[in-house]
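This one's a predicted model, so the numbers in the text were calculated from it and none came from an experiment.
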Amino acid sequence: MLSMLWILRTGKKLTATQIADSLEISVRTVYRYIDALCASGVPVVAESGHDGGIRILESFKETPLFFNSLEVKALVDAFKFAQGAGYPYTEELESALKKVENGLHEEQRHDLSHQSNGLDVISPSRLPSVVPLLRDLEQAAKDGLTVRITYRKANAEQDDGREVDPYGLAYDRNEWYAVAFCHRSQAVRTFRVDRITRLEPTEARFEKPERFSAAIYFRDQSEREREADGPLTVIRIEGEPDTLNAVCRHWHMRHYLTERTDREVRFLLDVPTMNKHLPMYLMTFGTAIRIREPLELKRRIQEVAYGIAKHYDEDSD
């Protein structure tokens, strides 16, 4: 189709047979492509008669956008999600989206307006300083520049200054994190961006580890919380969809999710980690969930529940 467009943009008037021979396609396919080009806003004119032929009006200057209605809707919805997440380049993304919309013809714009007004993303409250911090951190990671930050930990009374090498950014559970090498601790650490109260570049430079991924780092951190390398066991939990959503959102458990349906989730986890962390965590859901496998986990939860009941029974005596 693009090849046919370039042929027609030469300004020559061609017959369907000439176009078909040039592109080695059928005349029927030529007419089908003409319909598609017209639907994309290209002013293709087909004239019959002795001097007739197919041509594009001289007013046409731009290459059309070969998007269907759902593809354009997906772009608009993606912008809404990016805006809701506090993506630092939403203005540029909005500008690009406007260029896309400007390339649509009137019917496509009307269809887009009709399809894209049914979805909204409610944004969490964020500090105004987060967006420029995200831009500065990303630029520092790109340029390999060490930055000096002032950071306030949760429940800390004073801010803490340190120099870090930003490796990348990650968006997790409605928060932005910077993964960086901390010069003071001499280790890679994560910093919540909204807790950075000040950032300034230094003249020092660094080299980011090859093929570093913030997502992989987060996953590896979760792996380090495991008690052992094995043996692994399948954990089956039943419950209502909303309750299972809460189970799967746990920062540690979500990395071991292997299967999910409306009424059941399955995890693959080593037995020592399961026995140490899951009984108390899963007890917080009460009777809203039911453990189907393994039997060992069900017995552990029974033991913990019995121990708690016995503790309060003794207090009543």
Side-chain angles (χ1 to χ4, degrees), residues 85 122-126 151-158 160 170-179 182 185 187-195 214-317:
I122 300 175
S123 309
S125 177
R126 300 186 189 280
Y151 190 73
R152 174 165 292 183
K153 292 183 178 179
N155 302 320
E157 296 182 358
Q158 294 183 342
D160 183 24
Y171 184 74
D172 185 40
R173 290 167 293 168
N174 290 326
E175 297 293 348
W176 283 97
Y177 294 86
V179 182
C182 177
S185 60
V188 178
R189 295 284 185 264
T190 58
F191 302 90
R192 258 181 57 172
V193 177
D194 63 324
R195 292 178 181 167
I216 293 176
Y217 173 79
F218 270 79
R219 185 190 66 195
D220 289 346
Q221 286 297 103
S222 182
E223 286 286 337
R224 292 190 182 98
E225 295 294 324
R226 289 176 53 178
E227 296 298 313
D229 291 332
L232 299 177
T233 186
V234 175
I235 301 169
R236 288 178 54 217
I237 303 174
E238 287 184 353
E240 294 294 322
D242 288 345
T243 305
L244 295 182
N245 286 342
V247 174
C248 295
R249 280 197 298 264
H250 185 266
W251 71 273
H252 191 58
M253 292 294 294
R254 60 193 174 137
H255 293 289
Y256 305 110
L257 180 66
T258 59
E259 189 175 342
R260 170 72 199 270
T261 66
D262 287 342
R263 300 289 178 176
E264 181 178 296
V265 291
R266 295 190 180 199
F267 302 92
L268 188 63
L269 188 61
D270 63 273
V271 173
T273 301
M274 176 193 74
N275 289 336
K276 181 175 181 180
H277 298 288
L278 260 60
M280 286 299 298
Y281 171 63
L282 295 178
M283 275 191 62
T284 62
F285 294 96
T287 57
I289 62 172
R290 183 178 295 274
I291 310 300
R292 289 301 184 188
E293 290 184 45
L295 181 61
E296 182 177 353
L297 178 59
K298 295 172 68 173
R299 289 174 176 170
R300 290 276 183 175
I301 293 176
Q302 290 172 348
E303 292 172 1
V304 173
Y306 176 76
I308 294 174
K310 185 178 180 182
H311 170 75
Y312 285 102
D313 185 57
E314 292 173 351
D315 285 349
S316 64
D317 294 339

ask   = Is it true that atom CE of Met283 has more than 12 heavy atoms of other residues, nucleotides or ligands lying nearer than 6.0 Å?
value = yes
note = In short, Arg260 meets Asp262 closest at the heavy-atom pair NH2-O, 4.2 Å
inquiry  = So, using side chain to side chain donor-acceptor pair (under 3.5 Å) as the criterion, who are the partners of Arg266 when residues are at least two apart?
reply    = Glu264
inquiry  = So does Met253 get a backbone contact from the side chain of Tyr281, meaning a donor-acceptor N/O pair under 3.5 Å?
reply    = no
remark   = Separation between CG (Leu278) and CZ (Phe267), nearest 0.5 Å, reads 8.0 Å
query = How long is the gap from CG on Leu269 to CG on Leu232, to the nearest 0.5 Å?
reply = 7.5 Å
ask   = Just how far is it from atom CD1 of Ile235 to atom CG of Leu268, taken to the nearest 0.5 Å?
value = 8.0 Å
task = Please identify each residue that fulfils ring-ring contact (aromatic ring centres under 6.0 Å, His included) with Tyr177, with sequence neighbours left out.
result = Phe218
query = What is the minimum heavy-atom distance between Ala85 and Trp176, and which atoms define it?
reply = O-NE1, 2.6 Å
query = CG/Asp194 to CD/Glu175 distance, rounded to the nearest 0.5 angstrom?
reply = 5.0 Å
message = Working to the nearest 0.5 angstrom, can you tell me the gap between Thr261 OG1 and Leu244 CG?
response = 7.5 Å
query = Does the pair Arg152 and Gln158 meet the rule for a side-chain contact (heavy atoms from CB on, under 4.5 Å), with working shown?
reply = CA-CA 7 Å; Arg152 174 165 292 183; Gln158 294 183 342; 5.7 Å; no
ask   = What closest approach, in Å, do Phe191 and Cys182 show between heavy atoms, and which atom pair accounts for it?
value = CZ-CB, 4.2 Å
Ignoring hydrogens and angles, write down the donor-acceptor pairs under 3.5 Å from the side chains of residues 285-301, residues two or more places apart or on other chains.
from: Arg292; atom 1: NE; to: Glu238; atom 2: OE1; distance (Å): 3.0
from: Arg292; atom 1: NE; to: Glu238; atom 2: OE2; distance (Å): 3.3
from: Arg292; atom 1: NH2; to: Glu238; atom 2: OE1; distance (Å): 3.1
from: Glu293; atom 1: OE2; to: Arg236; atom 2: NH1; distance (Å): 3.1
from: Glu296; atom 1: OE2; to: Asn275; atom 2: ND2; distance (Å): 2.8

